[in-house]
Amino acid sequence: MLNAHAVITNYVSPNFHQKFQRRGNANAMLWRRRLTKLNFTPSTFKLFSLLHTQDCSFRPVPLTKEAFTYILQSCRSNTNQLQQIHGLLLTTGLSLKNSLVTCLLTNLTLLGNMSYARKLFDEMHKPRTFLWNTLIKGYTKNHIFIEAASVYREMRLVGVLPDSFTFPFVVKACAELPDIWVCSAVHAHVVKFGLEFVAMVRTELMLMYVRFGELDLADFLFGSMVERDLVSWNALIASLVQNGHASKALALFRQMGMAGIKPDAATIVSVLSGCGQLGCLEIGEEIYEVSRKEGIECNIIVDNARLDMCVKCGNVAKAKNMFEEMPKRNVITWSTMILGYAINGESEKALGLFSRMQKEDVEPNYVTFLGVLSACSHAGLVNEGRAYFDYMARSNDKNVQPRKEHYACMVDLFGRSGHLGEAYRFIKSMPIEPDAGVWGALLGACAIHQNIELGEHVADQIFQLAPDSSSYLVLMSNMYAASGRWDCVDKVRLRMRKRGVKKIAAYSSVEFEGEFHIFYGGDRSHPQSSLIFEKLDELLKEMRSMGYIPNTSSVFHDVETEEKEATLTAHSEKLAITFGLLNVNPEFPIRVMKNLRICDDCHTFSKYVSKLTSREIIIRDKIRFHHFKNGLCSCKDFW
DNA sequence: CTAGGGTTAG
């Protein structure tokens, strides 16, 4: 009689069947080797289930634990199959207590079927730490962070002890929760169970604190780590970059060099990405060159990061060369370049590159379309934008179906070009629930076109979805201020104060001789401060004679006109530009990075300065570049 | 038997 092992093996190779029979007994090692070489397919599974039906000429034989394990490993694509195996497990008399359940549970979590996974888990009698870990890991990997944290709590309540495998996932999940107190509690647990010096646990704790902006704590954990390997350095650098602390990341990178640790490709990727954020192309390029000389691998990810850096520093020409010379290009490469054109105001080139991408048969994804749509948005190409959006909606490809971000792009496109009604109807017709980002795009448009009624309605929607978002509140307050409704401005400000929402401080930075010079509004802390203000005064005088009128509409209402002008004068980008005029070699453009959007007045100011001084000024604000040359801006005043 | 780091967008 054939047993189940033999049938499966036979399916693998007819010859093997004979060999198998000659050997008499199933040698687990032997057929493990055969089976793992195979790609188990649904048909294999069918064969397997055939063994357990009456049409089968083979007598059903209880499968061994090994057989189940192999079958389970092969059925990762389909919950239905797993469910059948689960059923078989229950009927074959194999106990649910063994490692098969772990395997089944792992597979379910990989498929993302967490509700089933949880049910299976609940069937277990007194699950041990290992199984708890598997469940927590599943929730974390499927981004159901709150469940991951509460499963940990449950685990503690029933008295199961966590181990060093439990915490990496619990901590990772907690870092995604909006509550730092939960995180502190978990940190306390880590200490309580004596696991604070386990490298991976500590690394995760560190990342968690970076996420909450507690850099000192992260630094402490890192500094007092017992075994600090390359991965922990990389982890910290990467998370600093991802959470907007690029200059800290760069400092850490230097520290790493001094500690004599050799970076690898992953380090370089994060560092280049950080340089892009800061807008320091020269520093980034130097780091890249050095890494090449030191023989650090340069793969497509490094190339992409470098391309992105170039684009984010506003050097499109250089980026284009880099793009053409890349040995390999993937979707990310193309998307980066398309978006690069878009944010630098070269919409036609962005769209041209997109059609070239299609000609070269590279499949675009949803990010690619964000670039395409924002290219349309920055140039006011309403019809084109609509056409691309329709194309996406008609596409059968799941990767290209419009998402919330695309709707936000379209709303921005309609709204910015003055079609507020259409933007509103567009939101109302969305098949998915609009989020704060979608409404926010419309609020921005309302602010530009001074449509207060609609703005208020939109703000109501936003504040239900994101009550404490500082940028929308500021937008609202500016909108009221521009129309002189100071009572409403006060209300918004009061609301912000009550809920503890802080306005993000605006700052601008300039890279000069390998160093950053950061300016806040009205900042007099810079060593050249008095020189800068002197020069600024002089510039303003000349500009006024050319017809410049300061636009004070968005400044606080409770100050006199003169004071308003003074506040405006000291805007961070004006200080940064003036610093650039005083220091940067006249042959080069002055590059300024701003963390928020440039204000109307500073935009006008920059145009005048470029004309007056015949200098090229490049400002990168939160969402795009402005290239000022000879009194004109590349955005054509459409932003 | 499980585990930490890298590129576009947000």
Side-chain angles (χ1 to χ4, degrees), chain A residues 69 72-73 98-103 105-106 109-110 128-138 140-141 163-172 175 195 198-208 210 225 227-242 244 249 263-274 276 296-312 326 328-340 342-343 364-374 403-406 408-409 435-438 440-441 622-623:
Chain A
T69 310
L72 270 170
Q73 281 169 359
N98 57 40
S99 65
L100 289 179
V101 176
T102 315
C103 202
L105 197 69
T106 310
T109 62
L110 285 173
R128 305 232 228 143
T129 304
F130 187 94
L131 214 59
W132 284 96
N133 289 353
T134 310
L135 189 65
I136 293 175
K137 185 174 82 177
T140 303
K141 291 227 156 145
D163 61 12
S164 63
F165 292 94
T166 316
F167 283 112
F169 295 110
V170 175
V171 173
K172 206 186 211 22
L195 298 167
V198 175
M200 283 158 208
V201 177
R202 208 173 181 85
T203 304
E204 283 299 341
L205 281 171
M206 199 169 81
L207 301 186
M208 175 180 89
V210 173
M225 236 167 136
E227 13 170 351
R228 231 183 309 173
D229 59 3
L230 182 58
V231 178
S232 33
W233 282 93
N234 285 354
L236 187 54
I237 291 177
S239 82
L240 284 170
V241 170
Q242 284 158 7
D264 69 355
T267 328
I268 302 301
V269 168
S270 296
V271 171
L272 293 185
S273 168
I296 292 166
E297 179 203 11
C298 178
N299 52 29
I300 191 166
I301 304 182
V302 177
D303 277 338
N304 284 346
R306 183 167 167 241
L307 181 71
D308 177 56
M309 169 179 77
C310 218
V311 147
K312 290 241 170 73
M326 272 174 66
K328 267 187 183 172
R329 290 188 277 265
N330 60 13
V331 210
I332 296 181
T333 323
W334 288 89
S335 307
T336 304
M337 195 64 220
I338 290 171
L339 197 85
I343 61 175
N365 64 12
Y366 75 102
V367 183
T368 320
F369 277 99
L370 284 174
V372 171
L373 292 182
S374 72
R403 303 184 185 196
K404 282 175 190 157
E405 297 96 312
H406 301 104
C409 259
D435 64 355
V438 176
K622 198 169 181 211
I623 64 168

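Letters A, B, ... are given to chains in the order of the sequence lines, protein chains preceding strands, and every chain is numbered from 1. Side-chain atoms are counted along with the backbone in the values below, which use heavy atoms only and exclude waters and symmetry mates.
- Protein atom CZ of A:R306 is 16 Å distant from nucleotide atom P of B:dT8, rounded to whole Å.
- Nucleic acid contact class of A:S232 (heavy atoms, under 4.0 Å, all strands): base.
- Each of B:dT8, B:dA3, B:dG6 was ranked by its minimum atom distance to the side chain of A:V367; first place goes to B:dT8.
- Taking every side-chain heavy atom of A:K141 into account, B:dG4 is the closest of B:dG6, B:dT8, B:dG4.
- Residue contacts shown for A:N133 include a base, since a base heavy atom lies under 4.0 Å away.
- Stacking is not found between A:F130 and the pyrimidine-like six-membered ring of the B:dT2 base under the 5.5 Å centre-distance and 30° plane-angle cut-offs.
- Protein atom CG of A:D163 is 14 Å distant from nucleotide atom P of B:dC1, rounded to whole Å.
- Of the candidate nucleotides B:dA3, B:dT8, B:dG6, B:dA3 has the atom lying nearest to any side-chain atom of A:K137.
- Put simply, CE on A:M337 is 20 Å from P on B:dT7, counting in whole angstrom units.
- When the P atom of B:dA3 is taken as reference, atom CG of A:L205 falls 18 Å away, rounded to whole Å.
- At the heavy-atom level, A:D229 lies under 4.0 Å from base atoms of the strands shown.
- With rounding to whole Å, A:M326 atom CE is found 12 Å from B:dT8 atom C1'.
- Test A:D264, A:L272, A:V271 against A:I268 for side chain to side chain contact (heavy atoms under 4.5 Å, CB included) and you get one pass: A:L272.
- The CD1-C1' distance, from A:I332 to B:dT7, rounds to 5 Å in whole Å.
- A:K172 has its NZ atom 7 Å from the P atom of B:dG4, to the nearest Å.
- Among the heavy atoms of the strands lying under 4.0 Å from A:A238 are primed sugar atoms or P, OP1, OP2 only; no base atom is included.
- Within 4.0 Å (heavy atoms only), A:Y366 reaches at least one base atom of the nucleic acid.
- Under the side chain to side chain donor-acceptor pair (under 3.5 Å) criterion, A:T140 pairs with no residue at all, not counting sequence neighbours.
- Neither OP1 nor OP2 of B:dG10 sits under 4.0 Å from any side-chain N or O of A:K404.
- Of the candidates A:S270, A:P263, A:S232, A:S270 is the only one forming a side chain to side chain contact (heavy atoms under 4.5 Å, CB included) with A:I237.
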Report task. Starting from the C-alpha separation in whole Å, work towards a yes-or-no answer on side-chain hydrogen bond (donor to acceptor under 3.5 Å, both in side chains) for A:D163 and A:T129. Result -> CA-CA 7 Å; A:D163 61 12; A:T129 304; 5.3 Å; no
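- Contact annotation for A:Q242: backbone-only contact, meaning every heavy-atom pair under 4.0 Å involves sugar-phosphate atoms and none involves a base.
- Remark: A:D435 engages no residue in a side chain to side chain donor-acceptor pair (under 3.5 Å) (not counting sequence neighbours).
- Contacts of A:A235 with the nucleic acid, taken as non-hydrogen atoms under 4.0 Å apart, involve only primed sugar atoms and P, OP1 or OP2.
- With rounding to whole Å, A:N330 atom CG is found 12 Å from B:dT8 atom P.
- As judged by a 4.0 angstrom heavy-atom cut-off over every strand, A:D303 is placed among residues making no nucleic acid contact.
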